[in-house]
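So the structure is just underneath, and the comments pick up after that.
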Amino acid sequence: MLFAQILVNGVLLGGLYGLMALGMALVWGVLNIVNLAHGALIMLGGYAVYFLFTGAGIDPFAALPMAMTGMFCFGYLLQRLLLNLIVRSALLNTLLISFGLDVVLTYVAQWAFTADFRAINPSYAGANITLAGITVPLARLAAFAVALLLAGLLWLLLNRTRLGRAIRATAQNLVAARLYGVEPRQLYAVTFGIGAALAGAAGGLYGVVAQITPYVGTSLTAKSFVIAIIGGLDNPLSVVLGGLVIGIAESAASLYLGPTYADVISFGLLVLILVARPARSLRMA
Amino acid sequence: MSAEPAASLLEARGLTRRFQGLIAVNDVSFSLRSGEILGLIGPNGAGKTTLVSLISGTLLPDAGALVFDGRRIERLAPFRRAHLGIGRTFQVMKPFPGLSVLENVTVGALFGKDGGERNRARARERARAMLDLTGLAPRLAQRADALGGPDRKRLELAKALAMQPKLLLLDEVMAGLNPVEVDEVVALIKKIREGGVSILVIEHVIKAIRSLSDRVLVLHHGQKIAEGEPASVFRDPRVVEAYLGKRRA
Amino acid sequence: MSSRWGVPLLGAALLGAVPWIGDETMMQFGIYLLLVAALAQAWNILGGFTGYASFGNSTFYGLGVYGTAIAMAQFDLPFWVGLVLGAILAMLCALLIGLPILRLRGPYFAIATLGLNAALSALVANLDIAGRNIGLILPLTRHDVLFYEGLLALLLAATLAVAWISSSRFGMGLIAIREDEDAAAVMGVDTTLYKIAALVLSSLFSALAGGIYAYYVTFIDPASAFDPKLNVQMVIMAVFGGPGTVLGPVVGAFILYSIYQALASSISTAAALFYGVVIILAVIFMPKGLVDLGWGLRRMGPRYLLETVRQYRL
């Protein structure tokens with residue numbers, strides 16, 4: 001029974017982890033940018049939903065589309081005005097510029113929102129259902145469902161729409177975008193915008209199940225990275241699967257070995273997986 | 001395994017390499033004699049570059065043996081083969097983009113056969129000589145990524161030559177050159193052979209292969225379909241059908 | 001000595017005199033500055049020359065910190081024994097992980113090293129001998145001059161090592177690996193050996209810096225010893241100054257850390273913001289580092305900035 005409970009906890013947590021990594025995997029696979037500011041985007045999404053909820057009284061799940069729209073615009077402009085300038089630079093430079101961005105966003109958040117812990121607490125935050133002796137927190141279940149839904153939508157977008165085909169073609173070859181009549185600069189900005197919108201959604205859900213501070217970004221970036229590597233950049237659904245692996249491994253490790261070992265497990269797993277199969281191609285296309 | 005007949009510098013027996021179900025090189029055996037120029041031809045996707053990569057060590061074979069200079073080499077790391085005296089060029093050229101032309105070639109001289117020339121000044125001198133030989137001397141201070149296509153081909157050649165190899169593997173060094181430049185390179189390759197280097201040359205320019213090669217090896221779908229003197233090979237109906245026939249169609 | 005070495009030597013002499021001409025604040029500032037400069041230079045050996053961007057050099061720094069701390073706090077051994085132990089520990093670790101991890105390329109290598117750092121940090125936090133997550137306290141000393149001069153000597157040694165590398169056959173092999181590893185291998189560079197040698201050398205200097213700094217701060221814990229932010233600093237300083245050059249990482253460390261300190265003391269709250277902005281602007285306008293910027297500006301003036309942006313934008 002304990003094992004089943006761990007499994008459920010891990011799966012629910014893992015779905016959200018998968019959603020966090022989705023945007024990073026997309027941007028990495030298509031734009032070849034390992035975005036170290038991804039966690040900061042998640043954090044901003046969290047604050048957006050938080051203020052929509054506390055300020056305007058909008059239910060966090062209803063606020064998600066609004067936060068995603070805002071984050072899409074923010075991401076679009078960021079890529080269009082800033083990141084497009086260095087997209088063809090060496091990998092190290094894209095790492096560094098996104099780190100600089102992370103520093104700036106973290107600072108701005110701390111200045112605008114203060115360093116206080118914030119949690120999004122709708123009336124149903126503490127509600128549970130119990131099934132065959134296993135407790136399932138409702139908010140987590142809903143967050144898990146939304147994560148799956150968004151991953152599915154991204155899959156549909158990439159595989160069933162003209163825009164998605166253009167994005168996938170661009171992942172292989174920059175010039176290919178032109179064949180679809182899309183200007184690469186535009187396409188890059190749209191792709192990064194989608195990544196930011198997904199990060200925003202993940203942030204909103206994260207705020208419902210945990211607490212947000214301006215500094216939460218760094219560890220979420222690391223986690224997203226681990227999951228993107230494990231899941232690969234091939235397919236949104238396998239990214240979610242990667243999230244589940246990490247979610248389950250962490251919840252098992254923190255129970256059996258103690259919470260301090262959770263990081264040993266997820267990062268140890270990361271190193272092992274990297275070393276075991278380095279040659280695999282990682283692209284969401 | 002140590003005592004091999006000295007007549008052949010390189011001998012391949014049953015070389016096979018698969019890529020996820022596709023057999024790129026299938027049970028290929030041949031020998032390359034000391035001082036010989038062996039032409040390697042075949043349609044696109046015949047496995048020519050894969051074969052060169054198996055010899056240079058960039059890829060490892062799934063089966064088969066390679067004997068170079070009396071030593072089994074098929075499992076050796078690429079750098080060890082370079083130390084034994086195997087140098088190659090890449091069809092998809094691999095210059096060191098951020099380094100100058102001279103530095104690019106100096107790397108070949110500093111490493112290469114027997115681990116290369118340990119002294120950097122002397123290595124640079126050898127590199128200069130190779131640049132004179134390949135006609136790149138006027139560009140020696142330029143960054144490699146600033147070179148145009150034909151000059152990049154020359155750079156590939158100069159880098160491999162600076163290694164002072166016994167066996168030189170040339171993967172389409174003439175592609176994209178105009179007829180005058182092709183003639184220059186053909187003359188250069190002959191000159192290199194006179195210096196005692198054995199050469200395996202992949203080329204699409206049939207005229208060049210005819211005038212260069214002592215013998216020709218033909219690959220098709222990863223298999224050897226002919227081997228011998230250029231005149232007889234180009235008359236072989238299987239070669240005409242597989243290679244020339246398709247081109248004419 | 002040619003004029004090429006005149007300025008660096010004069011700079012080193014001036015730095016060496018700081019404890020006798022500067023005040024307490026300047027010493028504190030100087031010790032940390034020398035620490036990050038030495039770490040940036042150590043990072044340069046692997047990252048700058050082979051292009052393998054390590055985000056796990058803080059692992060070796062951390063092992064140096066803990067080697068020294070455990071020897072002194074748990075076994076009452078003298079400082080220098082701990083320093084050597086820490087260095088050996090770090091080099092062993094580099095040797096051990098080098099083979100599997102240096103097979104990874106690009107971002108995979110970067111992240112594997114980052115993961116290693118996190119895993120080691122968590123592991124140390126569970127070891128009794130390392131004081132678990134509480135940390136260790138070293139015997140207190142007031143030899144700030146010694147720490148300062150020690151770190152300066154370390155920085156000089158690391159810089160001399162890099163100067164030797166950049167003019168040696170070994171260094172040419174490392175650069176060839178950075179430019180195109182496959183091509184380097186078929187040209188006869190023993191890429192595995194060279195990469196591991198660079199990693200071990202890099203780990204040695206990182207660990208020595210960690211050991212000295214541990215004795216200086218006297219209190220250490222896993223979070224500060226294996227701090228990934230420290231590693232990011234090394235990368236930024238080396239890249240800002242010019243990776244793969246002899247003096248670039250040192251100059252980068254001096255400039256960036258000075259800017260940061262100046263900002264922190266005048267407009268303390270916004271220092272981080274400006275730091276981030278400086279990094280972003282540096283990547284856009286001088287992606288090849290300060291050394292290349294200086295060279296480019298002299299050769300083609302402000303047009304260099306425009307050309308640089310044009311080269312890398314979409």
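Predicted model only: the values in this text are computed from it and were never measured. Computation of the quantities below employed the complete heavy-atom set of this structure, encompassing side-chain atoms and omitting hydrogens, waters and symmetry-equivalent molecules.
For T192(C), no part sits under 4.5 Å from any heavy atom of chain B, backbone or side chain. Only the side chain of Y194(C) comes within contact range of chain B, judged by heavy atoms closer than 4.5 Å. Using a 4.5 Å cut-off between heavy atoms, P165(B) makes no contact with chain C at all. Heavy atoms of N104(B) lying under 4.5 Å from chain C belong exclusively to its backbone. Using a 4.5 Å cut-off between heavy atoms, K159(B) touches chain C through backbone and side chain atoms alike. For chain C, the nearby part of I86(B) is the backbone; its heavy atoms alone come within less than 4.5 Å.
More than 12 heavy atoms of other shown residues, nucleotides or ligands fall within 6.0 angstrom of atom CZ in R105(C). The number of heavy-atom neighbours closer than 6.0 Å to CZ of R152(B), taken from other residues, nucleotides and ligands shown, is above 12.
Using a 4.0 Å cut-off between a side-chain N of Lys or Arg and a carboxylate O of Asp or Glu, R13(B) and E11(B) qualify as a salt bridge. Using a cut-off of 4.0 Å between Lys/Arg side-chain N and Asp/Glu carboxylate O, E125(B) and R128(B) are scored as salt-bridged.
Ranked by non-hydrogen atom pairs under 4.5 Å with chain C, the options R120(B), M163(B), H83(B), E117(B) are led by R120(B).
No close placement of the F79(B) and F111(B) rings is indicated, their centers lying 6.0 Å or farther apart.
Shown here for A90(C) and F60(C), the closest heavy-atom pair between the two residues is O-CD2, 3.8 Å.
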